[in-house]
Amino acid sequence: MKSFVFAALFLAGAAVSVPALAQFQKPEDAVKYRQSAMALIGNHFGRIFGQLKADKPNVQTIQSSAALVETLGALPFEAFVPDSTLPNSKAKPEIWTEQEKFKAAAQKMQAAVAKLNTAAKGGDVAAIKAAFSDAGGTCKGCHDDFRAKQ
Ligand code: ASC
């Protein structure tokens, strides 16, 4: 009987606390999650850039990073939970006041990095450069609108 009561209380507690910050214990965890994902995206985007600047780009390096960037591009957005504009976050309030616009910018980036991955698989450096430039434009566009400068 006692364990049944505990179980019932536990489930009731879970039902109340789950919707708000389901995947994150506290706002700091959400900020850390999205900043980690963005750091990895930036790192692999940078590796591709490094290759595209080289005299003889290493297409395999580009391919592995482009595949990762496509996968990683799906990660940051669930972590923009409400009330996670902390001092160490550059997230602008517009993320939450203009949610549709933010979502559209995220989807634009995801579509562009999917195209970059496709171009990388094709191995044509000129096509990769064009797709990389488009993808970079979507990063910049979203940062201009939704990331504070400092
Ligand atoms: C990166 C990075 C960004 C974008 C942006 C593209 O590698 O860290 O924020 O690309 O500079 O314009």
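Order of appearance sets the numbers: ligands from 1, and atoms from 1 within every ligand. Bear in mind the structure is a predicted one, so any value in this text is a computation, not a measurement. Position 1 is the first residue of the sequence, and the numbers go up from there.
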Heavy-atom count check: over 12 atoms from other residues, nucleotides or ligands less than 6.0 Å from Asn88 CG? yes
Would you mind listing which atoms of ligand 1 come within a distance below 4.0 Å of any non-hydrogen atom of Lys140? 12 (O)
Heavy atom of the protein closest to [atom] (residue, atom name, distance):
atom	value
atom 1 (C) of ligand 1	Phe45 CD2, 3.9 Å
atom 5 (C) of ligand 1	Cys139 CB, 4.0 Å
atom 6 (C) of ligand 1	Gly136 O, 3.3 Å
atom 9 (O) of ligand 1	His143 CE1, 3.1 Å
atom 8 (O) of ligand 1	Gly42 CA, 4.0 Å

Can you find a pair of side-chain heavy atoms, one from Ser65 and one from Ile48, that are under 4.5 Å apart? yes
Connected via hydrophobic side-chain network under 4.5 Å: Leu86 and Met38: no
Could you label the plane-to-plane angle of the Phe102 and Phe80 rings as parallel, tilted or perpendicular, counting under 30° as parallel and over 60° as perpendicular? perpendicular
Taken to the nearest 0.5 Å, the spacing of His143 NE2 from Met109 CE works out to 8.0 Å
If I take atom NZ from residue Lys101 and atom CD1 from residue Ile95, how far apart are they, to the nearest 0.5 angstrom? 11.5 Å
Are any non-hydrogen protein atoms located under 4.0 Å from atom 11 (O) of ligand 1? no
